[in-house]
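These figures come from a predicted structure and were not determined experimentally.
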There are 2 protein chains.
Amino acid sequence: MATPPDVRAAYDAYLAECPTRQLLDRISNKWVGLAVNALAEGPQRYSDLSRRLASISQKMLTQTLRTLERDGLVQRTVTPSVPVRVDYALTPLGRGLLPVMRAIKDWAEQNMDDVLAARTRYDTDAVN
Amino acid sequence: MATPPDVRAAYDAYLAECPTRQLLDRISNKWVGLAVNALAEGPQRYSDLSRRLASISQKMLTQTLRTLERDGLVQRTVTPSVPVRVDYALTPLGRGLLPVMRAIKDWAEQNMDDVLAARTRYDTDAVN
DNA sequence: CGGCATCCCGTCGGATACTG
DNA sequence: CAGTATCCGACGGGATGCCG
């Protein structure tokens, strides 16, 4: 019995002071979206993720994974071999976020053409 | 009718050079999420949105709406009265994004407690 | 009312070098 | 392999002032 279920209705991301706005800010992030999507295929090593999220710096990858771990979305597992092996996997909480992150990435890929067309239209008309 | 359906399969946000990564970055944004959610209830005036997205600066609100307009997600309508009246509404393309943006905001509000608990656990263990 | 222009500071995030 | 540490430039984003 941690917290009563209906307390959650009190959260409202429209309000600046509400902690959910900060959470919304965290998960509304390019690297978070790509990392969660990548981990959907199962646990991955640090180097796997590094290759998958092409051009991400170690700094951003580590920082992203640490934040996800702290927020309980990702589980970090260290195997003390030589050299060290570190695996990252989605937690149940993280798997709950997966459908949403997948939907965002899919939307971007599927509507890229329309957005590109809209930009061209906007920029062309602006010349007048 | 507009574009062939199978061209879209070429886009892949995992690739750094792919334009979808930039699009993913744009829509993965706190203010975009809140603005689209707010516009779900129908067209809104600039001042309405300003009040709804509590504490957003004019700069960020204008910048967010301009980007959304350029990307074809939002329609800007100016009524040349005195003083001027400006309304913003979702376009069909923007309405397509709405379910996703709504899902993100909802996820944040519904899982805030679990994330908060995870953070406390992480920070407590780290002291050792 | 609905902006735009400017100043300015803090954070994001890349590059590089070093370590267990 | 999987990081940590540091430096530093770019950009996000708030505050303020002006305008049609």
Side-chain angles (χ1 to χ4, degrees), chain A residues 13-17 21-35 38-39 43-71 74-89 122-123 125-126, chain B residues 13-17 21-35 38-39 43-71 74-89 122 126:
Chain A
Y14 284 123
L15 307 176
E17 332 76 46
R21 177 174 285 191
Q22 187 255 10
L23 179 56
L24 181 65
D25 202 11
R26 290 219 171 172
I27 61 180
S28 295
N29 176 297
K30 179 180 53 173
W31 296 127
V32 168
L34 290 175
L39 289 173
Q44 313 240 351
R45 300 185 59 171
Y46 183 89
S47 48
D48 293 335
L49 289 168
S50 181
R51 246 171 285 108
R52 197 74 202 276
L53 311 196
S55 86
I56 190 175
S57 62
Q58 317 93 310
K59 179 178 175 179
M60 289 316 297
L61 181 54
T62 301
Q63 180 178 307
T64 301
L65 291 170
R66 280 291 179 288
T67 303
L68 290 176
E69 186 194 3
R70 187 168 108 96
D71 286 355
V74 158
Q75 168 78 34
R76 180 171 179 267
T77 309
V78 181
T79 307
S81 53
V82 181
V84 177
R85 176 197 175 103
V86 181
D87 285 271
Y88 292 90
Y122 185 93
D123 294 344
D125 294 354
Chain B
Y14 284 125
L15 306 176
E17 331 76 46
R21 176 173 287 190
Q22 189 255 9
L23 179 57
L24 181 64
D25 202 10
R26 290 220 172 173
I27 61 181
S28 295
N29 175 297
K30 180 180 50 172
W31 297 127
V32 168
L34 290 175
L39 289 173
Q44 314 241 348
R45 300 185 61 171
Y46 183 89
S47 48
D48 292 335
L49 289 168
S50 182
R51 246 171 286 108
R52 197 74 202 279
L53 310 196
S55 86
I56 190 174
S57 62
Q58 319 92 313
K59 178 177 175 179
M60 288 317 297
L61 181 54
T62 300
Q63 180 178 307
T64 301
L65 291 171
R66 280 292 178 287
T67 303
L68 290 176
E69 186 195 3
R70 187 169 108 97
D71 286 354
V74 158
Q75 168 79 32
R76 180 172 180 268
T77 309
V78 181
T79 307
S81 52
V82 181
V84 178
R85 175 197 175 104
V86 181
D87 286 270
Y88 292 91
Y122 184 93

Specify the closest pair of heavy atoms between A54(A) and A16(B), including all atoms of both residues, with the distance to one decimal. O-CB, 3.8 Å
Would you say R45(A) places a side-chain N or O within less than 4.0 Å of OP1 or OP2 belonging to dC1(D)? no
Whole angstroms only, please: what is the CD-P distance between Q63(B) and dG13(D)? 7 Å
Separation of L61(A) atom CG from dA2(D) atom C1', in whole Å? 10 Å
Any chance you could measure I27(B), atom CD1, to Q22(B), atom CD, to the nearest 0.5 Å? 10.5 Å
Near DNA chain C, counting only heavy atoms under 4.0 Å, which residues of residues 77-85 of chain A show up? none
Could you tell me the boundaries of the chain B footprint on DNA chain C, defined by atoms under 4.0 Å from its heavy atoms? dC1(C) to dC4(C)
Output yes when at least one side-chain N/O atom of R66(A) is less than 4.0 Å from OP1 or OP2 of dG3(D), else no. yes
Please find the pair of heavy atoms, one from R76(A) and one from Y88(A), that lie closest to each other, and give the distance. NE-OH, 3.2 Å
What is the minimum heavy-atom distance between V84(A) and V86(A), and which atoms define it? CG1-CG2, 3.9 Å
Minimum heavy-atom distance between R21(B) and L15(B), given as atom pair plus value: NE-O, 3.9 Å
So how far off straight is the helix from dC1(C)-dG20(D) to dG20(C)-dC1(D), going by the axes through five pairs at either end, to 10°? 50°
What are the two closest heavy atoms between L49(B) and A38(B), and how far apart are they? CD2-CB, 3.9 Å
Taking CG from L49(A) and P from dA2(D), how many angstroms apart are they, rounded to a whole number? 9 Å
Out of curiosity, N29(B) CG to T64(B) OG1, how far, rounded to the nearest 0.5 Å? 6.0 Å
Could you tell me how far apart K59(A) (NZ) and dA2(D) (C1') are, to the nearest whole angstrom? 17 Å
Measure CD/Q58(A) against C1'/dT4(D) and give the value in whole Å, please. 10 Å
For dG3(D), does OP1 or OP2 lie under 4.0 Å from any side-chain N or O of Y88(A)? yes
Side chain to side chain, Q44(A) and L39(A), heavy atoms closer than 4.5 Å: yes
Do L68(B) and R26(B) have side chains that approach each other closer than 4.5 Å (heavy atoms only, starting at C-beta)? no
Closest non-hydrogen atom pair between T62(B) and Y46(B), with its separation: OG1-OH, 3.0 Å
For N29(A) and for V86(B), locate the closest nucleotide of DNA chain C by heavy-atom distance; then report the residue assigned to the nucleotide nearer the 5' terminus. V86(B)
Could you tell me whether a side-chain N or O of T67(B) sits under 3.5 Å from a main-chain N or O of Q63(B), the two making a donor and an acceptor? yes
